[in-house]
Amino acid sequence: MTEPALVLTGITKSYPGVRALDDVSVEIAPGRVHAILGENGAGKSTLVGVAAGSVVPDTGTIGLAGREFSRIQTADARENGLAIVYQIPALAPSLTVVDAVLLLLPASKRPRRRGAAAWLKAHFEKLGLEIDPQATISTLSLREAHLIEIAAALASDPRILVLDEPTEALGPDETRWLFDRVSELLADGVAVVYITHRIPEVIEIATDLTVLRDGRVVGRGSVSDYSADEIVELIVGRSLETTFPDKAGPDADGTPLLEVLGLGGPGYRDISFAAMPGQIVGLAGVEGNGQRAVLRGLAGLGSTAGRVLLSGRPLDVRSARTAVRDGVVFLPGDRIGEAMFGKMSVRENVIAPSIAEAMPTGFVDRRREYALTRTAIAGLAVKTPTLETPVASLSGGSQQKVLLARARLGEPKVLLVEDPTQGVDAGARVEIYAVLRSMAADGVAVVVLSTDAVELEGLCDRVVVFSRGQVQDTFTGAAVTERAITGAAVMSETGSVATVSAVPRRRRIPLAVRGELQAGALLVLTVLLGMATTFFSTAFLSPLNMSQLLASSSVLILVGLAQLVVVMTGGIDLSIGSVLALSTVVISFFGGGGIGLFLFGVVLALVAGLAVGLVNGLLVTRLNLPPVIATLVTSIAVVGAAQVLRPSPGGSASNDIMVLIGTAVAGIPLVLAIAIVLAVVMWFVIQRTRLGRGFRAAGSDAVKANRMGVNVRSMRLLAATSAGVIAAIAGLALYSKTGIGDANTGQALTLTSVTAIVIAGASIFGGSGSALAVAAA
């Protein structure tokens with residue numbers, strides 16, 4: 001008996017909430033092709049990741065090259081003869097082809113860098129590939145990246161070659177080329193692990209198979225012992241378990257409600273299907289075959305060709321804005337990452353796309369918002385303590401219901417739903433299915449994308465199955481079955497159009513403490529600290545000391561507010577201290593004259609602050625410079641200009657001017673009153689106006705904000721200019737204390753401004769913060 005090339009014994013791997021592999025054992029024999037089969041999420045890629053060292057198993061052993069490992073490093077797996085070609089090429093975009101290949105090779109097979117380019121060119125020529133070794137990976141197509149990784153695997157002289165969905169991006173000729181290379185390896189006794197959804201390829205090339213379902217082995221043996229249908233049945237092997245609402249029934253005669261005619265775009269071509277009134281259409285297929293790109297194309301999120309008709313009238317899906325205008329609503333599968341504002345309340349999320357209806361005057365009408373929200377969620381059983389609960393704290397089912405409520409409020413004509421029950425419990429699934437069926441019955445064209453064939457069978461009246469960017473088959477009525485859907489997806493022999501890239505997930509932003517509560521807590525701490533200080537020093541409450549402290553507080557409040565408005569929109573401003581210094585210098589040239597001249601100086605300082613803020617905003621929004629770099633550059637330039645104007649401190653204010661700007665009312669300095677009034681106005685704008693909602697949305701997530709109609713560039717430009725003006729006002733407050741212009745003063749206040757917003761509980765990632773809390777801080 002020949003010793004197996006690779007042995008995986010008792011492999012178990014769990015992730016939070018799911019067991020990806022459950023006591024899986026597989027033996028891979030040399031000189032044979034072993035197919036690992038299963039539906040999406042069955043555990044195939046996790047299993048080979050364990051063998052390749054990219055996944056650490058919870059339990060089990062890995063037998064490789066006569067040695068046994070409880071876990072193995074990627075480099076060790078390569079040195080022991082295992083090479084892997086991933087479904088998504090593991091090539092760093094910034095590297096050249098030759099550098100990428102050198103990284104993929106085991107150290108013992110790696111040529112010297114000096115002659116590596118010539119060596120790789122010769123290797124490519126031997127394989128019949130025309131790829132420039134000096135090209136940058138980011139400039140190549142996905143097909144070329146796949147071929148490079150295959151070539152690197154072949155160059156490593158493997159004893160075990162793992163191919164994970166290797167033909168997804170390849171055309172028929174390239175697939176034949178790959179199979180020829182596999183045949184050569186088999187003749188040399190190399191073991192090949194072949195992961196695919198394509199049963200015709202399994203029957204053609206594989207000798208052994210192992211079928212996984214829900215992380216467990218449910219079948220194994222020789223490929224020759226199974227027919228294609230029997231392999232499909234092994235892969236599916238489930239019964240319909242979920243209760244679904246009644247379907248619309250047979251197609252009725254008449255005009256289709258929705259028609260997609262010859263739709264084409266990146267990763268798909270010539271897509272046509274229709275939905276009759278009351279029907280739900282499902283999009284199916286192995287992940288990455290174009291169905292997700294088609295759904296997003298219908299939402300205006302990708303360049304498309306072809307026509308889309310609703311009741312015979314054309315829909316404009318050239319952009320997300322035109323699609324929304326024509327009544328198309330898209331609900332992404334990544335709810336928090338792409339569709340919702342996690343830190344905002346249920347109410348704010350429901351009315352977000354209908355903000356013009358909720359705030360027709362531009363100001364918050366809380367009573368109107370509550371009425372609209374209650375109408376939208378009626379009958380959806382959203383489990384939330386209050387309508388002010390942050391949506392991120394709700395269950396997956398309730399989050400999906402909030403999205404459906406948002407869609408209903410907008411009265412859509414077309415509803416596009418991606419993975420409607422992802423992360424949703426069984427009870428909520430039934431309710432979601434009922435809502436979708438109800439909307440279809442009310443005349444909404446509903447299109448659902450799901451990777452669950454059971455869900456598509458139970459929910460949809462018509463299912464369009466995709467393969468390699470084209471329609472593989474369409475099922476209607478009684479023909480819509482899990483077996484038919486899965487069979488059509490895995491039996492495809494169509495050539496590739498392109499592989500659709502996965503939609504990137506955005507990092508979730510943690511919930512922030514509500515600003516008003518933070519302000520109250522800070523004020524309490526301030527009082528307690530003041531009492532404690534008075535206990536140790538009675539001079540603390542003296543009029544002179546309090547006057548100086550309150551005047552200093554005005555400066556700190558103003559720089560904090562300047563930083564808050566920028567951070568709220570997702571940026572940061574390192575030029576605030578420099579603008580403050582420039583403001584004091586400008587004012588100092590006019591402080592020794594009359595009141596009129598002084599006021600002119602103040603206006604000039606505000607204009608200077610506005611100009612600096614405008615430059616910051618343009619650098620960030622037009623030149624796309626990171627805010628840290630943009631504002632650091634302007635900070636250096638501004639403080640340099642101030643030092644040129646005032647090489648040394650000077651420009652003392654006259655007595656009349658000092659009396660004017662040092663005026664106090666009931667012991668409260670005028671500059672502090674200005675700072676507090678500005679904080680209240682900012683709080684009102686941020687919390688109670690459409691503009692403030694735009695600021696928060698832009699900072700929460702720029703992509704989502706853009707899709708919901710917020711002009712993120714304008715929000716960030718306005719925030720930057722506002723920060724410049726407020727920092728200039730802070731310069732006036734500082735001048736009221738010192739009475740001179742000093743280019744070196746105030747530089748440390750930039751860090752102080754950041755400290756203030758952090759203490760105030762504002763998120764440094766953007767999207768939240770309270771002006772009142774900043775003032776208290």
Side-chain angles (χ1 to χ4, degrees), residues 551-588 605-606 608-620 625-646 649 671 675 678-679 682 699 716-738 740-766 769-771 773-777:
S552 298
S553 296
S554 67
V555 178
L556 301 182
I557 290 173
L558 290 166
V559 295
L561 295 177
Q563 193 67 259
L564 175 67
V565 72
V566 176
V567 170
M568 180 161 292
T569 56
I572 193 168
D573 192 344
L574 301 182
S575 67
I576 286 174
S578 298
V579 174
L580 180 147
L582 178 63
S583 175
T584 63
V585 167
V586 171
I587 293 173
S588 69
L606 295 177
L610 177 68
V612 175
L614 183 61
V615 170
N616 284 337
L618 291 175
L619 290 176
V620 172
L625 289 179
V628 170
I629 295 176
T631 57
L632 181 61
V633 169
T634 55
S635 175
I636 295 171
V638 168
V639 75
Q643 288 172 341
V644 168
L645 292 173
R646 283 282 184 205
V671 288
L678 184 59
M682 280 188 59
R716 290 178 174 170
L717 183 61
L718 181 59
T721 52
S722 299
V725 173
I726 297 171
I729 298 174
L732 170 62
L734 183 62
Y735 189 76
S736 72
K737 280 188 60 186
T738 62
I740 61 172
D742 185 355
N744 298 311
T745 189
Q747 292 302 303
L749 289 172
T750 295
L751 181 59
T752 303
S753 70
V754 176
T755 305
I757 66 168
V758 171
I759 294 175
S763 171
I764 60 173
F765 300 103
S770 167
V774 168

If you compare all heavy atoms of G609 against all heavy atoms of A728, which two are closest, and at what distance to 0.1 Å? CA-CB, 4.2 Å
Note, V638 side chain near S575 side chain (heavy atom, < 4.5 Å): no
Set of residues satisfying side chain to side chain donor-acceptor pair (under 3.5 Å) with respect to T721, sequence neighbours excluded: none
Roughly how far, to the nearest 0.5 Å, is CG of L556 from CG of L561? 11.0 Å
Of the non-hydrogen atoms in A720 and V566, which two are nearest, and what is the gap between them? CA-CG2, 4.3 Å
Do I729 and L606 have side chains that approach each other closer than 4.5 Å (heavy atoms only, starting at C-beta)? yes
Please name all residues satisfying side-chain contact (heavy atoms from CB on, under 4.5 Å) with S736, sequence neighbours left out, ordered by chain then number. I661, V671
Roughly how far, to the nearest 0.5 Å, is CD of Q643 from CG of L645? 10.5 Å
Applying side chain to side chain donor-acceptor pair (under 3.5 Å), name anything that partners S552, two or more places apart in sequence or on another chain. K737
Indicate yes or no: at least one non-hydrogen side-chain atom of T631 is less than 4.5 angstrom from one of T634. yes
Does S635 have any side chain to side chain donor-acceptor pair (under 3.5 Å) partners at least two apart in sequence or in another chain, and if so, which? S578
Sorted by first residue and then second, give each side chain to side chain donor-acceptor pair (under 3.5 Å) pair with at least one member in residues 558-572; sequence neighbours left out. Q563-S753
Locate the shortest heavy-atom distance separating A675 from S554; write the atom from each residue and the value. CB-O, 3.9 Å
Find out whether V774 and M682 are in side-chain contact, i.e. whether some heavy atom of one side chain is under 4.5 Å from a heavy atom of the other. no
In this structure, CG of L614 is separated from OG of S722 (nearest 0.5 Å) by 11.0 Å
Drop me the distance from L632's CG to L619's CG, to the nearest 0.5 angstrom. 11.5 Å
Search all heavy atoms of G769 against all heavy atoms of A762 and return the closest pair with its distance. CA-CB, 3.8 Å
Pairwise distance OG1(T752) to CD1(I759) - rounded to 0.5 angstrom: 9.5 Å
Partner residues of A608 under the side-chain contact (heavy atoms from CB on, under 4.5 Å) criterion, sequence neighbours left out: L582
Partner of V579 under side-chain contact (heavy atoms from CB on, under 4.5 Å), chosen from L610, V639, D573, V612: V612
For V620 and A630, the nearest pair of non-hydrogen atoms, with its separation, is CG2-CB, 3.9 Å
So how far is it from N616 CG to I572 CD1, rounded to the nearest 0.5 Å? 12.0 Å
With side chains defined as the heavy atoms from C-beta onward, is the minimum distance between T584 and T738 less than 4.5 Å? no
If you look at every heavy atom in A562 and A723, which pair is closest and at what distance? O-CB, 3.3 Å
All side chain to side chain donor-acceptor pair (under 3.5 Å) counterparts of S588, not counting sequence neighbours: R646
Member of V585, T745, I587 meeting the side-chain contact (heavy atoms from CB on, under 4.5 Å) criterion with Y735: I587
side-chain contact (heavy atoms from CB on, under 4.5 Å) with P649: which residues, sequence neighbours excluded? I740, D742
Applying side-chain contact (heavy atoms from CB on, under 4.5 Å), can you list everything that pairs with V555, at least two apart in sequence or on another chain? L580, A733, L734, L749
